[in-house]
Amino acid sequence: MKQDIIDRVQKALESLNAGWGVTLPDIEVEIPRDESVGDIAITVAMRLARLLKKPPRKIAEEIVAEITGQQPGFFENVDIAGPGFINFRFKQEYFHKGLQALLEEEHSSLRSDIGKGARIQVEFVSANPTGPLHIGHGRGAAVGSALCNILKAAGYDVQKEFYINDAGLQVKLLGRSVYARYQQLHGNDVPFPEDGYKGDYIADIAKDLQKNDGDLYLKVPFDECGEAVTDHAYKMMLANLESDLKDFGVVFDNWQSEKELHEQGKVEGAINALRAKDLIYDKDGAVWFSSTRFEDDKDRVVKKQDGEYTYFASDICYHKDKLDRGFDTIIDIWGADHHGYIPRIRSVLEAFDLPKEKFRVILIQMVSLLRHGVPVQMSKRAGAFITLREVIDEVGPDITKFIFLTRKADSQLEFDIDVAKEQSAENPVFYVQYAYARISSLFRLAEEKGIGIQNSKFKIQNSEIEGTDLAALIEPEEILLVKKLLQYPMVFEGAALACEPHRITYYLQELAGVFHAYYYKHRIITEDNRLTLARLSLCRGVKIVLDEGLKILGVSAPERM
RNA sequence: GCGCCUGUAGCUCAGUUGGAUAGAGCAACUGCCUUCUAAGCAGUGGGCCAGGGGUUCGAAUCCCUUCAGGCGCGCCA
């Protein structure tokens with residue numbers, strides 16, 4: 001729909017520009033808020049006003065005159081409104097053809113190739129393997145996963161990656177905590193580490209360790225067995241993260257270990273690569289990266305006085321490694337509390353010659369978890385928190401994801417478990433799923449009645465629609481519904497370019513709304529076979545788009561409810 | 001103190017990258033099931049877009065400033 005307008009207008013502008021001789025602005029297409037003014041609108045006349053030093057309405061008149069002369073005309077009318085909007089209204093045949101194309105090409109017509117196969121890597125969740133996932137991770141997982149689905153559908157070659165922080169002190173502390181609990185299991189009252197992890201899961205790991213290795217570490221000090229204990233602990237934790245994510249419907253293509261980068265000597269290699277660019281220097285017994293040469297406000301230590309690499313050093317390496325693996329665009333999805341980290345990573349990538357616009361950070365704002373309107377305090381170390389697992393079990397993955405995907409990532413959100421549950425019956429996610437289930441139900445009924453099978457090639461479960469006359473769709477609600485379907489590619493493309501999955505969520509609610517209204521007002525299965533087939537075809541179109549959108553969000557599309 | 005994010009209906013949030021009379025869901029109130037799924041439909045009320053300046057044909061959106069909330073500002077990870 002958008003492309004048709006742009007093609008037309010572009011052609012008109014080019015021919016008019018023979019007389020104007022200006023550099024033409026981009027043609028911005030928008031859907032008017034008010035349905036009654038037109039199907040689609042452009043603002044180019046107002047943008048041209050300054051360039052041409054002419055009143056926008058006058059320019060609009062010239063453009064309209066040029067367009068209405070074109071053949072074949074698929075506009076019912078084209079008019080000028082307000083300060084210089086040009087509003088287009090399509091003929092019904094245009095919508096019939098659009099629906100036809102959707103039914104023939106199905107999902108492929110809903111995807112795009114703006115990515116042109118570019119390799120893009122999205123890193124998200126990347127929770128420390130020192131405790132179970134909490135609700136904030138869940139938000140990151142939902143957004144990251146949906147974004148990847150969008151980008152894939154937009155023609156990018158996407159890799160989903162989880163970065164495992166398995167090299168630092170935090171993991172060691174996990175090991176210490178497990179070690180202490182393990183000793184306590186055997187009746188040794190050893191002191192628990194000062195800042196150790198206190199959650200019940202630590203005891204579970206200790207029990208598992210006991211089951212596996214018996215009393216092997218009982219008389220061994222942590223300094224000697226720490227590696228084995230820690231290894232066992234974090235691997236178990238990792239398996240736990242992976243299974244929670246899987247049950248949430250989020251699966252990664254690759255899990256990158258930080259420890260491995262160290263072991264392969266890549267961290268050192270990355271620092272040396274920077275040194276070769278003269279971006280590394282020694283000062284006060286430490287090694288520094290000159291990040292102020294780029295966007296950072298101070299230089300950063302990469303190797304401490306004690307000779308250990310900093311976490312930042314592994315991150316330099318990690319991001320270089322992403323480039324070495326051949327990704328041309330890198331998206332990092334982080335918790336918003338890491339935003340101060342952006343300038344230094346940006347500096348790293350610039351140092352390795354990645355153009356600015358090829359690196360993007362999406363910040364996921366905090367989720368404050370409530371129960372009955374009362375905030376639930378979250379502290380991983382203290383072991384007092386509600387896990388993602390508990391939320392999934394209590395509220396359900398579909399509702400949880402939908403709530404996350406109905407907000408833009410960088411605004412804080414309140415997640416009240418009880419409200420989410422109480423509202424379940426009224427939850428917007430059901431509104432969308434219900435539309436899908438209703439259509440499925442119609443198809444079952446149509447199939448029972450054998451509709452279409454004798455008289456045409458229409459079949460319910462696929463879209464072989466030969467013999468179906470879509471011109472039978474003439475009700476305003478039907479045209480509105482088709483129009484809504486044809487808007488999907490615009491919304492989708494916008495979501496892909498802006499990296500904003502929530503746009504799809506809103507669109508689906510609107511589409512479901514238009515469908516429900518239509519369904520209520522008009523009977524789909526009637527005595528009139530020609531009309532019935534056309535309406536079932538329309539429903540089929542709605543089903544395809546709902547299916548596509550829900551798949552992108554990672555929300556299920558139930559055949560029955 | 002400095003930096004980033006946020007402030008839109010009673011509540012939770014959108015607002016198409018600067019467009020037309022600012023929207024949705026929930027909550028409240030009215031109606032609609034003998035008809036393909038009422039997890040639905042139709043309607044009513046509800047707003048100083050935090051406040052104040054500016055930029056222009058046009059601002060919830062961009063700039064400055066004040067206020068309020070959140071988060072950062074390690075040779076931690």
Side-chain angles (χ1 to χ4, degrees), chain A residues 28-34 37 41 43 46-47 49-50 55-56 81-85 87 128 130 165 167-171 173 258 283-288 297-298 300-306 308-312 314-315 335-343 363 365-366 368 373 403 406-408 410-416 419-420 422-435 437-446 449 487 490-491 494-495 497-498 500 502-503 505-507 509-510 512-513 515-526 532 535 539 560-561:
Chain A
E28 309 239 345
V29 172
E30 56 188 58
I31 297 159
R33 237 194 279 283
D34 185 355
V37 307
T43 56
M46 290 178 288
R47 284 167 209 284
R50 205 167 315 164
F85 290 98
N87 294 321
N128 280 345
T130 54
N165 300 129
L169 293 171
Q170 303 297 332
V171 174
L173 188 59
E258 179 190 357
K283 196 184 90 180
D284 303 333
V287 181
W288 299 70
D297 52 4
K298 52 176 132 171
R300 307 289 171 177
V301 170
V302 295
K303 200 176 200 176
K304 299 182 269 181
Q305 283 179 333
D306 64 8
E308 293 279 311
Y309 285 110
T310 59
Y311 176 79
F312 179 50
S314 354
D315 240 0
D337 53 339
H338 289 83
H339 72 259
Y341 212 72
I342 296 174
L363 293 176
Q365 272 292 352
M366 312 241 116
S368 24
I403 288 173
T406 316
R407 274 88 168 164
K408 55 180 185 226
D410 65 354
S411 57
Q412 288 146 250
L413 100 86
E414 289 188 0
F415 191 100
D416 191 313
V419 172
E422 280 163 22
Q423 281 187 359
S424 280
E426 303 295 328
N427 199 294
V429 69
F430 291 118
Y431 187 75
V432 176
Q433 290 178 320
Y434 187 52
R438 264 188 162 170
I439 293 170
S440 304
S441 166
L442 283 172
F443 287 175
R444 283 191 297 270
L445 186 69
K449 293 193 170 184
Q487 284 170 9
M490 284 177 71
V491 175
L497 291 173
E500 289 182 349
H502 74 271
R503 296 191 191 195
T505 318
Y506 275 88
Y507 169 83
Q509 293 184 67
E510 288 170 18
F515 171 74
H516 285 310
Y518 169 59
Y519 176 90
Y520 182 80
K521 188 155 181 190
H522 299 286
R523 214 181 154 75
I524 309 301
I525 296 169
T526 64
T532 302
R535 289 184 168 173
C539 290
R560 297 168 202 272
M561 283 176 80

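The figures that follow rest on heavy atoms only: side chains count, while hydrogens, waters and symmetry mates do not. Predicted model, so just to flag it, every value in this text is computed and none were measured. Below, read A as the first sequence line, B as the second, and so on, with proteins coming before strands; counting in each chain starts at 1.
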Q: Would you kindly give the CD-to-C1' distance between A:Q509 and B:C13, to the nearest whole Å?
A: 10 Å
Q: Mind telling me if B:C33 is syn or anti? Syn here is a glycosidic angle within 90° of 0.
A: syn
Q: Indicate for each nucleotide in nucleotides 2-7 of chain B, in 5' to 3' sequence, whether protein heavy atoms under 4.0 Å reach the base (B), only the sugar-phosphate (S), or nothing (-).
A: -BBSS-
Q.
Which nucleotide, if any, forms a Watson-Crick or G-U wobble pair with B:C67, using both distances under 3.5 Å?
A. B:G7
Q) Who are the salt bridge (Lys or Arg N to Asp or Glu O under 4.0 Å) partners of A:E510, not counting sequence neighbours? A) A:K484
Q: Just jot down the salt bridge (Lys or Arg N to Asp or Glu O under 4.0 Å) partners of A:K298, sequence neighbours excluded, or say none.
A: none
Q) Can you name the side-chain contact (heavy atoms from CB on, under 4.5 Å) partners of A:E308, sequence neighbours left out? A) A:K304, A:D306
Enumerate the protein-to-nucleotides 41-43 of chain B contacts in which both atoms are nitrogen or oxygen and the separation is below 3.5 Å.
residue, atom, partner, partner atom, Å
B:C41, OP1, A:Y431, OH, 2.5

Q) Once you round it to whole Å, what is the distance between P of B:C73 and CZ of A:F312? A) 14 Å
Q: Return the set of residues passing ring-ring contact (aromatic ring centres under 6.0 Å, His included) with A:F312 (not counting sequence neighbours), or none when no residue passes.
A: none
Q | Atom P, compared across B:C26 and B:G43: separation rounded to whole Å | A | 15 Å
Q: Would you kindly give the NE2-to-C1' distance between A:H502 and B:U16, to the nearest whole Å?
A: 10 Å
Q. B:A20 pairs with which nucleotide, Watson-Crick or G-U wobble, both distances below 3.5 Å?
A. none
**Q.** Rounded distance in Å - CG (A:N427) to P (B:A27)
**A.** 11 Å
Q. Between B:C75 and A:K283, is there an OP1 or OP2 to side-chain N/O distance shorter than 4.0 Å?
A. no
**Q.** CD on A:Q509 to OH on A:Y431, rounded to 0.5 Å
**A.** 8.5 Å
(Q) According to side-chain hydrogen bond (donor to acceptor under 3.5 Å, both in side chains), who are the partners of A:T526, at least two apart in sequence or on a separate chain? (A) A:T532
Q) Taking any strand in view, what nucleotide pairs with B:G72 in a Watson-Crick or G-U wobble way, both distances under 3.5 Å? A) B:C2
Q. Do the rings of A:Y518 and A:H522 sit parallel, tilted or perpendicular, given the 30° and 60° boundaries?
A. tilted
Q: Return the set of residues passing side-chain contact (heavy atoms from CB on, under 4.5 Å) with A:N165 (not counting sequence neighbours), or none when no residue passes.
A: A:N128, A:Y163, A:E258, A:Y311
Q) What integer distance in Å separates A:E308:CD from B:A77:P? A) 9 Å
Q. Does a side chain donor of either A:S440 or A:R444 reach within less than 3.5 Å of an acceptor in the other side chain?
A. no
Q. Quick one: on RNA chain B, does A:H338 or A:A498 contact a more 5' nucleotide (nearest heavy atom)?
A. A:A498
**Q.** A:W288 backbone acceptor or donor facing A:R300 side chain under 3.5 Å
**A.** no
Q.
On RNA chain B, does the nearest nucleotide to A:G340 precede the nearest nucleotide to A:M490 from the 5' side, or the other way round? Give the residue.
A. A:M490
For nucleotides 19-22 of chain B, tabulate all protein N/O to nucleotide N/O atom pairs closer than 3.5 Å, reporting atom names and distance.
residue, atom, partner, partner atom, Å
B:G19, O2', A:E30, OE2, 3.4
B:A20, OP1, A:R33, NH2, 3.2
B:A20, OP2, A:R33, NE, 3.4
B:A20, OP2, A:R33, NH2, 2.4
B:A20, N6, A:N87, OD1, 2.7
B:A20, N1, A:N87, OD1, 3.2
B:A20, N1, A:N87, ND2, 3.0

Q. Can you name the side-chain contact (heavy atoms from CB on, under 4.5 Å) partners of A:L169, sequence neighbours left out?
A. none
Q: Check side-chain contact (heavy atoms from CB on, under 4.5 Å) between A:M366 and all other residues, then give those that pass, not counting sequence neighbours.
A: A:D337
Q: Figure out the CG/C1' separation between A:L169 and B:C75, and round it to whole Å.
A: 12 Å
Q: Please state the P separation for the pair B:A27 and B:U65 - nearest whole angstrom.
A: 43 Å
Q: Mind telling me if B:U21 is syn or anti? Syn here is a glycosidic angle within 90° of 0.
A: anti
Q) Who passes salt bridge (Lys or Arg N to Asp or Glu O under 4.0 Å) against A:R503, sequence neighbours left out? A) A:E500
(Q) Without decimals, in angstroms, what is the distance between A:E500 CD and B:C13 C1'? (A) 14 Å
**Q.** B:G58 to B:G19 separation - C1' atoms, rounded to the nearest Å
**A.** 7 Å
(Q) Could you tell me how far apart A:E414 (CD) and B:G69 (C1') are, to the nearest whole angstrom? (A) 11 Å
Q: Hunt down the Watson-Crick or G-U wobble partner of B:C41, both distances under 3.5 Å, from any strand shown, or write none.
A: B:G31
